[in-house]
Chemist: 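Can you keep this structure in mind? I'll have questions shortly.
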There are 2 protein chains.
Amino acid sequence: MAATIYDIAREAKVGIGTVSRVLNNSPKVTQQTRDRVISVASRLNYQPHAFAQALARKRSNTLGAIIPFFTNYFFIEVLKGIQDALLNLGYDLILHGVNHRDQINEYIRKNLKKGRIDGLLFFSMPFPDTFVEVIKQEEIPVIVIDYFHPSFDCICVKNTEGAMVATQHLISLGHTDIGMINANITSEPAKDRLSGFKETLSHQNLQIRDEIIVSSISRKQDGFSRDSGYTSMKEILSKKVKLPTAFFVSSDIQAIGVISALAEEGIRVPDDVAVVSFDDIELARHFELTTMRQPMYDMGVMAVEKLIDRIKNPGTPPTLTTILPKLIVRKSCGARKSEHAEFIDHNTLYSSEIEK
Amino acid sequence: MAATIYDIAREAKVGIGTVSRVLNNSPKVTQQTRDRVISVASRLNYQPHAFAQALARKRSNTLGAIIPFFTNYFFIEVLKGIQDALLNLGYDLILHGVNHRDQINEYIRKNLKKGRIDGLLFFSMPFPDTFVEVIKQEEIPVIVIDYFHPSFDCICVKNTEGAMVATQHLISLGHTDIGMINANITSEPAKDRLSGFKETLSHQNLQIRDEIIVSSISRKQDGFSRDSGYTSMKEILSKKVKLPTAFFVSSDIQAIGVISALAEEGIRVPDDVAVVSFDDIELARHFELTTMRQPMYDMGVMAVEKLIDRIKNPGTPPTLTTILPKLIVRKSCGARKSEHAEFIDHNTLYSSEIEK
DNA sequence: CTGAAAGCGCTAACAT
DNA sequence: ATGTTAGCGCTTTCAG
């Protein structure tokens, strides 16, 4: 049986209050008793019982995270960031990976069981409105990442602006006829990336050819998949329309599919057509993809930090932190690195407050 | 403030004991009082306080998992399996992703805090001997997956046998000169896959040419990476030795690197050289890799089930469950599917007990 | 069948 | 500075 503070108290001949004080580094204990208690505690191999502590302290020192697992490559990186950040803070993580959207509600309900978690990290999905009331009355801090919700602190990627930078990059490389392979338009990022793309083209008085802009209709991973990229490109190819000299693709993983589809027709990247994509997942480097990097690991770390911050400072108005993705120039766009060095350090963090 | 059983008791005009009984489906309550309590509870939007429950019940209904994050593609799938299995069982998951091996100890120590978790899932790493004593005296059930340890229930992949099947497949396709691209030999799976490979060759009286067998020396992800595959193949290519007609590669992700390296020399897969790899990660399908499938998702599910089982039945001797990976024939080996249909259903589960 | 009371292990307010 | 006591919210005897 594991030792309790009673055991320690008895053996060290002090009261349990004193033991608790020592264990919690309260200053009001003599060095002498402190030493005695500590030595007994370590002899007994004492470990505080987390739940008893949580019950008495009214906080659990654990955070919850709801992450869509269908965003494979994205969430791995984010998760790594979360874990590393947590490790230093002494918080634990209760993870709920959502494979299907209908798991969200169930999870929130279950984990809001009073006291289970001190705060919630909510990733890449529309936050269910059903719960904002509940969340508020339970007073549990929430950070929404990669999605916007006016009631909570948010960390968002500037998708529109990122798409603009990507498109602009292609234009500055001399391309005037550019297509886009997009994910499912029902997803927020896909929508924003498309509008950034189109806006840049029209801003530069370039033609928008709808026949070379295709959005996935796949529901699987919202079209952010290799399959989807492959299929979309095949679709364009089958139309037998004039191919543009460049494509903006809404994710790296799709770009890999795009490149395969192209290769099957003997069309080479970047020689025949240039490609710029989005995300900068690990494979992007291997495939020499020029891409808009989302600092996924950092977003995980930031999310944790924001949440801890929010736990300590409830009551202040929700904030929005936006991240401008960074252009990483590799080979797929056909640019020589030196030409575009100026783009590389474009990474900026804006932080601003929303009026309530 | 959240409602407690006291609130319910007061409003339903019963004692807290009765409320508790109703909530726990104890049969010894009249339908009438039961209904009354339930209606009050739902009106108050009552949720049991998880920690109070855990404290009183002496179990937490949460499981811990220690997973190496550096096995990217592997752990995602496993995690999905775990989550889905957990969802049905009403257990929560405290996840600890290990980015560096030295985090393991810290995590175990912290989470063994009595009561934190009811059981532990330990993945793909050598279980630290320092803790087997602790684990045993704390009586916390442990399942080790993808690694063997005599003290615990284990779920292992038959790497040696898997490599044999892969190699045999290549041989049966008519190849007599086969090379291998391996991960870092310090890792158990790499070691086993190599020995399975060699054994099959010698068993078939085929020559083992050391110059076309290369093990990665990378410590990063133990050499199970695209980079490592790419580099290893480049190394062989640079030796200017006679290329074999086929390669067995120790993981899909390496195979992708291998294929790129080959492609850079104009060598095509499977036309010029056949490739069979290991894992069957999501990308394997996209790259048309013939590979030995490890049922990663299923392993996650099984792990959870085994753990729950072990929690319910302590005391029985540890078991070993082995999984024979399944040959998935795609294009990279150059076989027509029909030729080798017989291999496809090779998947078998062996379960056996170890004598203590 | 149901109410009252005794913990579960710990923290924190209150005495001393 | 240290011991004592009252909860935290729930489960589980133990009476009745």
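Quick note on labels: first sequence line is chain A, next is B, and so on, each numbered from 1. Predicted model only: the values in this text are computed from it and were never measured.
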Chemist: Quick check for you: among C:dG9, D:dT2, C:dT11, whose closest atom lies nearest to any side-chain atom of A:Thr33?
Modeler: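 In terms of side-chain proximity for A:Thr33, the closest of C:dG9, D:dT2, C:dT11 is D:dT2.
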
Chemist: Hey, does the side chain of A:Thr18 come within less than 4.0 Å of D:dG3's phosphate (OP1/OP2), counting only N and O?
Modeler: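 The answer is yes; a side-chain N or O of A:Thr18 sits under 4.0 Å from OP1 or OP2.
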
Chemist: Rounding to a whole Å, what distance do you find between A:Asn24:CG and D:dT2:P?
Modeler: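 Rounded to the whole Å, the gap is 16 Å.
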
Chemist: Looking only at side-chain atoms of A:Thr30, point me to the closest of D:dT5, C:dG9, D:dT2.
Modeler: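 Given the options D:dT5, C:dG9, D:dT2, the side chain of A:Thr30 is closest to D:dT2.
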
Chemist: Can you find a side chain N or O atom of A:Lys58 that sits less than 4.0 Å from OP1 or OP2 on D:dG7?
Modeler: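 For D:dG7, neither OP1 nor OP2 has a side-chain N or O of A:Lys58 closer than 4.0 Å.
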
Chemist: Tell me the interatomic distance from B:Ile8, atom CD1, to C:dT2, atom C1', rounded to whole angstroms.
Modeler: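 Distance check: B:Ile8 CD1 to C:dT2 C1' gives 16 Å.
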
Chemist: Nearest to the A:His49 side chain among C:dT11, C:dT2, C:dC10, which nucleotide is it?
Modeler: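 For A:His49, the side-chain atoms sit closest to C:dC10.
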
Chemist: If you take atom types as modelled and just measure distance, does the side chain of A:Tyr6 reach the base of C:dC8 with a donor-acceptor pair under 3.5 Å?
Modeler: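 Absent.
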
Chemist: Using atom types as modelled and distance alone, determine if a side-chain donor or acceptor of B:Ser60 lies under 3.5 Å from a backbone N or O of B:Thr62.
Modeler: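 Yes: the side chain of B:Ser60 pairs with the backbone of B:Thr62.
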
Chemist: Which nucleotide, C:dC8, C:dT2, C:dG3, lies nearest any side-chain atom of B:Ala56?
Modeler: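 So the nucleotide nearest the side chain must be C:dC8.
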
Chemist: Please state how far atom CG in A:Asn25 lies from atom P in C:dA12, giving the value in whole angstrom units.
Modeler: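 Atom-to-atom, A:Asn25 to C:dA12, this comes out as 13 Å.
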
Chemist: For A:Leu23, report the nucleic acid contact type (base, sugar-phosphate, nothing); a contact means any heavy atom under 4.0 Å.
Modeler: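 Result for A:Leu23 = nothing.
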
Chemist: Are the side chain of A:Arg34 and the backbone of A:Val37 linked by a donor-acceptor contact shorter than 3.5 Å?
Modeler: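 No, because the side chain of A:Arg34 does not come within donor-acceptor range (under 3.5 Å) of the backbone of A:Val37.
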
Chemist: For D:dT13, does the base pair up with any side-chain atom of B:Arg21 as donor and acceptor (N or O, under 3.5 Å, distance only)?
Modeler: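 When only heavy-atom distances are counted, B:Arg21 does reach the base of D:dT13 through a donor-acceptor pair under 3.5 Å.
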
Chemist: Any base atoms under 4.0 Å from B:Thr4, or only sugar-phosphate, or nothing? Heavy atoms, all strands.
Modeler: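 Counting heavy atoms under 4.0 Å across all strands, the contact made by B:Thr4 is with sugar-phosphate only.
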
Chemist: Are any of the side-chain heavy atoms of B:Val40 and B:Val19 separated by less than 4.5 Å?
Modeler: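 Counting from C-beta outward, B:Val40 and B:Val19 never come under 4.5 Å.
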
Chemist: Under 4.0 Å, counting only non-hydrogen atoms across every strand here, what does B:Val19 touch: a base, just sugar-phosphate, or nothing?
Modeler: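 Answer is nothing: B:Val19 stays at 4.0 Å or more from every strand.
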
Chemist: Do B:Arg310 and B:Asp153 meet the salt-bridge criterion of a basic N to acidic O distance under 4.0 Å?
Modeler: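 So B:Asp153 pairs with B:Arg310 through a salt bridge.
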
Chemist: Answer whether the closest heavy-atom distance between the side chains of B:Asp146 and B:Phe74 falls below 4.5 Å.
Modeler: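 The answer is yes, as the side chains (C-beta and beyond) meet within the 4.5 Å cut-off.
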
Chemist: Between atom CZ in B:Arg116 and atom P in C:dC10, what is the gap in whole Å?
Modeler: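 In whole Å, C:dC10 P lies 14 Å from B:Arg116 CZ.
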
Chemist: Would you mind checking if B:Asp7 and B:Arg10 are paired as a salt bridge, meaning a charged N to carboxylate O distance below 4.0 Å?
Modeler: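 A salt bridge links B:Arg10 with B:Asp7.
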
Chemist: When the C1' atoms of the five terminal pairs at each end define the local axes, what inter-axis angle does the helix from C:dC1-D:dG16 to C:dT16-D:dA1 show, to 10 degrees?
Modeler: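 Angle reported: 50°, given to the nearest ten degrees.
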
Chemist: Distance check needed: D:dG9 P versus A:Arg59 CZ, whole Å only.
Modeler: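 Interatomic distance, CZ of A:Arg59 to P of D:dG9: 16 Å.
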
Chemist: In whole angstrom, what separates B:Ile16's CD1 from C:dC1's C1'?
Modeler: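 Spelled out: CD1 on B:Ile16 to C1' on C:dC1 is 16 Å.
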
Chemist: Within the modelled atom types, does a donor on one side and an acceptor on the other bring the side chain of A:Arg57 and the base of C:dG9 under 3.5 Å apart?
Modeler: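 Counting by modelled atom types and ignoring angles, no donor-acceptor contact under 3.5 Å is found here.
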
Chemist: If you measure only the distance, is there a donor-acceptor pair under 3.5 Å linking the side chains of A:Ser20 and A:Asn24?
Modeler: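 Note: A:Ser20 and A:Asn24 side chains meet the donor-acceptor criterion.
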
Chemist: Nearest to the side chain of A:Ser20, heavy atoms from C-beta on, is which of C:dT11, D:dC10, D:dT2?
Modeler: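 Given the options C:dT11, D:dC10, D:dT2, the side chain of A:Ser20 is closest to C:dT11.
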
Chemist: Taking 4.0 Å as the cut-off, does a side-chain nitrogen or oxygen of A:Gln53 come that near to OP1 or OP2 on C:dT11?
Modeler: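 Answer yes for this pair, as a side-chain N or O of A:Gln53 is under 4.0 Å from OP1 or OP2.
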
Chemist: Under the ring pair (Phe, Tyr, Trp, His ring centres under 6.0 Å) rule, collect the residues that match up with A:Phe122, sequence neighbours excluded.
Modeler: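 A:Phe122 satisfies ring pair (Phe, Tyr, Trp, His ring centres under 6.0 Å) with A:Phe127 only.
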
Chemist: Atom CG of A:Asp7 to atom P of C:dC10: distance rounded to whole Å?
Modeler: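 Those two atoms, CG and P, are 9 Å apart.
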
Chemist: Using whole Å, what does the distance between atom P of nucleotide C:dC1 and atom NZ of B:Lys28 come to?
Modeler: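 The distance from NZ of B:Lys28 to P of C:dC1 comes to 7 Å, rounded to the nearest Å.
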
Chemist: Quick check for you: among C:dC8, D:dC8, C:dT2, whose closest atom lies nearest to any side-chain atom of B:Leu55?
Modeler: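 So the nucleotide nearest the side chain must be C:dC8.
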
